[in-house]
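Encoded as structure tokens, the structure appears first; notes follow it.
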Amino acid sequence: MSFELTFPDGNKKSIDEGQSVLDVAKSISSSLAKKAVGATLNDELLSVDSTVNQAGHFAILTDADELGLRILRDTVAFLFKYVAKQKYPRIALGESKSDEDGFFVDTDQDNQIAVGELPEFEAEMKKIIKNGLPITREFVDKSKLVEAFKDDPYKTSMLKDIDAVQILAYRLGDFVDFGYKALLPNTGKIKEFALLSVAGAYWQGKSSNRMLQRIYGTAFFKASDLEADLKRREDIKERDHRTLGRDLDLFFVDPKVGAGLPYWMPKGATIRRIIERYIIDKEVADDYEHVYTPVLANLDLYKTSGHWAHYREDMFPPMDMGDDELLELRPMNCPSHIQIYKHHVRSYRELPIRIAELGMMHRYEKSGALSGLQRVREMTLNDGHTFVALDQIQEEFGKVLQLMMDVYHDFNITDYTFRLSLRDPNNTDKYFENDEMWENAQSMLKKALDELGLDYYEAEGEAAFYGPKLDVQTKTALGNEETLSTIQLDFMLPEKFELAYVGNDGEEHRPVMIHRGIIGTLERFIAYLTEIYKGAFPTWIAPVQVNMIPVNLDLHTDYVKEIKHALAQKGIRVQLDLRNEKMGYKIRESQTQKVPYTLVIGDQELADQTVTVRKYGEQDTTTVSVQEFTDQILADVASYSRD
Ligand code: ATP
């Protein structure tokens with residue numbers, strides 16, 4: 001009997017029964033056979049030694065295919081298990097998976113595998129790779145596997161879930177494992193790999209189950225790919241704002257006190273204060289009026305706004321104060337700013353009216369989604385609402401966008417994309433129903449964007465419940481996409497709250513609202529800045545701008561204090577390191593704390609009334625007068641973004 005195979009380029013070939021993937025590859029070309037690491041037949045993954053037993057779409061996988069990489073990674077995971085079993089015969093094996101990021105293997109025993117043991121494992125695995133041992137594929141009776149794994153509760157449980165008499169298994173020496181579709185046929189075919197880390201993981205992901213040790217690793221066909229991947233991982237670790245937040249003592253979150261409720265330490269608070277002052281000044285200069293409004297309001301306010309109907313999942317439960325009074329922690333500031341608007345009769349002459357606030361709000365985010373300052377439950381939004389007449393939308397939108405661009409320039413933010421967030425018309429739970437209003441708002445927003453010539457992509461189902469948004473999307477160090485800034489067009493809330501202004505015809509008219517967050521929440525913005533700057537904040541934001549180290553505490557401390565006073569008078573944030581530690585240690589620490597300027601002061605500096613300056617990240621030092629240094633740092637502060 002023979003089958004017809006259809007290749008990805010559309011070519012067809014008839015092959016005889018009983019041929020393996022490798023046979024088919026050989027029949028095409030010997031170079032393809034050399035490169036083959038597996039195949040897919042009608043989307044089913046096959047090993048090179050699998051038999052091709054039916055007609056269909058057939059593709060040979062090589063080291064250039066993502067699925068080829070999966071086969072390699074699964075083979076490395078399999079080899080890891082083999083070595084683990086050799087080293088610890090009683091070890092139990094849980095789940096094991098490969099994906100585009102690498103692979104993991106779950107293990108369990110009394111003395112769990114420590115990260116320090118990984119180099120030993122790697123060395124042992126490399127020996128076996130060098131020896132080029134065969135990995136064979138066979139169909140084994142389920143009963144035999146049940147017997148073989150009777151002491152392993154996880155494998156036993158996995159076998160229970162497989163409904164088959166015979167199971168595809170792979171063998172290396174005495175070690176047999178199942179659950180793989182395809183592996184490489186010989187350990188000698190494994191190329192570059194690394195074991196990366198160890199973390200706890202609950203069996204089946206349930207916190208009521210036992211915690212296993214999850215060993216993470218990755219593998220590539222080329223050494224240069226592995227090297228680049230390890231560098232990327234190192235970079236992520238270096239940039240992760242949670243790690244930097246701890247190392248630089250910026251903030252902490254303690255789940256025992258409250259998950260998603262950050263505490264800002266003095267240095268983090270300094271960064272926040274500088275950004276708060278910056279953005280308020282910037283907005284006031286742009287004709288915004290800054291206000292303060294309460295975080296608590298009567299629940300009725302959020303019933304009128306529609307939050308209670310469409311946003312309740314994200315809200316904390318109301319506080320019952322008795323006497324039918326229910327107070328709600330606000331999840332957004334818009335209803336509060338509407339109260340400010342409504343407090344006076346408004347005329348068309350006043351429009352646009354721009355109301356802004358650093359508004360604290362609370363959202364009941366799912367605990368699994370919380371992440372450092374990135375996603376929290378209590379946050380302060382650089383919020384603003386502008387109330388405009390219909391014919392002012394376009395211009396006001398452009399003005400908000402300009403403000404956003406100016407701010408991005410000052411912070412040196414360059415890597416972002418624009419997302420036009422539209423409603424999902426089928427999701428009537430999330431979005432209020434008024435097709436005409438939605439169509440109108442969405443097409444107006446699109447028109448504004450097109451006229452500004454912005455490049456954007458559309459995302460259905462990402463709009464706010466009251467209107468479409470232009471979101472500015474950035475990537476976190478971990479690669480997740482998050483919204484940083486947002487501009488939203490809203491015809492609904494003015495309607496619900498019956499907002500009005502008196503037109504030049506003497507009649508009442510409805511304004512339109514533009515909701516906008518320029519830097520977004522201070523929490524997410526500072527998480528983002530920490531990651532893009534890798535904790536080395538530009539001088540104008542750095543919590544400590546100058547660290548001063550006297551060479552001799554007895555001789556030079558007075559002079560150092562004098563300079564500190566002079567700099568502080570100019571608004572420079574100076575720290576003195578008067579600890580009884582070695583100088584080299586103090587200088588190194590100043591670097592790891594990423595302080596922009598480290599000044600070392602000894603006999604010579606005292607005699608000449610100078611300071612020796614080392615800029616962060618530079619090896620060379622310069623010795624200049626105190627005045628010169630003051631001028632230099634003031635110019636640096638005034639220049640904003642670090643070059
Ligand atoms: P997301 O889709 O990120 O949950 P959203 O679309 O609900 O946000 P908006 O109501 O548009 O958010 O919020 C305005 C700004 O608030 C966002 O641009 C973002 O900067 C910030 N933000 C939203 N949720 C959080 C959170 N849980 N933690 C920190 N910042 C947040």
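Counting starts at 1 for both ligands and their atoms, in listed order.
Phe465 does not count as a contact of ligand 1, since none of its heavy atoms falls under 4.0 Å from the ligand. The shortest heavy-atom distance from Gln374 to ligand 1 is under 4.0 Å. Gln488 counts as a contact of ligand 1, since one of its heavy atoms falls under 4.0 Å from the ligand. Judged by the shortest distance from any of its heavy atoms, Lys469 lies inside the 4.0 Å radius around the atoms of ligand 1.
Of the listed residues (Tyr416, Phe418, Phe525, Tyr528), just one forms a ring pair (Phe, Tyr, Trp, His ring centres under 6.0 Å) with Tyr408, and that residue is Tyr416.
Here the OG1-CE distance, from Thr380 to Met360, works out to 4.5 Å after rounding to the nearest 0.5 Å.
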Arg233 and Asp229: CA distance, side-chain angles, deciding distance, salt bridge (Lys or Arg N to Asp or Glu O under 4.0 Å) verdict: CA-CA 6 Å; Arg233 286 174 197 273; Asp229 186 67; 2.7 Å; yes
Derivation of the side chain to side chain contact (heavy atoms under 4.5 Å, CB included) call for Val291 and His337: CA-CA 9 Å; Val291 297; His337 291 182; 4.0 Å; yes
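Using cut-offs of 30° and 60° on the angle between ring planes, the pair Trp264 and Phe251 is tilted. Aromatic ring orientation, Phe387 versus His385: tilted (interplanar angle from 30° to 60°).
Using a cut-off of 4.0 Å between Lys/Arg side-chain N and Asp/Glu carboxylate O, Arg423 and Glu439 are scored as salt-bridged. Arg510 and Glu495 are joined by a salt bridge, as a carboxylate oxygen and a charged side-chain nitrogen come within less than 4.0 angstrom of each other.
Residue Glu365 has at least one heavy-atom neighbour below 4.0 Å for each of these atoms of ligand 1: 24 (N), 26 (C), 27 (N). Of all the atoms in ligand 1, the ones that sit under 4.0 Å from a non-hydrogen atom of Thr483 are 18 (O), 19 (C), 20 (O). Residue Tyr311 has at least one heavy-atom neighbour below 4.0 Å for each of these atoms of ligand 1: 7 (O).
If you check each of Lys366, Arg524, Glu523 against atom 19 (C) of ligand 1, the one with the closest non-hydrogen atom is Arg524. In the candidate list Arg377, His362, His515, Arg375, Arg375 is nearest to atom 2 (O) of ligand 1, counting heavy atoms. Taking only non-hydrogen atoms, the option from Met361, Arg363, Met379, Glu482 nearest to atom 8 (O) of ligand 1 is Arg363.
Taking the side chain as every heavy atom from C-beta outward, Arg524 and Arg375 approach each other to under 4.5 Å.
Residue Gly520 has no N or O atom closer than 3.5 Å to an N or O atom of ligand 1. Checked against a 3.5 angstrom limit, the closest N/O atoms of Leu484 and ligand 1 fall inside it.
Remark: Arg363 fails to qualify as a cation-pi partner of Phe316 under the 6.0 Å distance and 45° angle criteria applied to the six-membered ring.
When hydrogens are left out, the protein atom nearest atom 16 (O) of ligand 1 is Thr521 CG2, 3.5 Å; that is the closest non-hydrogen contact. From the protein, the heavy atom lying nearest to atom 15 (C) of ligand 1 is Leu381 CD1, 3.7 Å. Here the protein heavy atom with the shortest distance to atom 28 (N) of ligand 1 is Val376 N, 3.0 Å.
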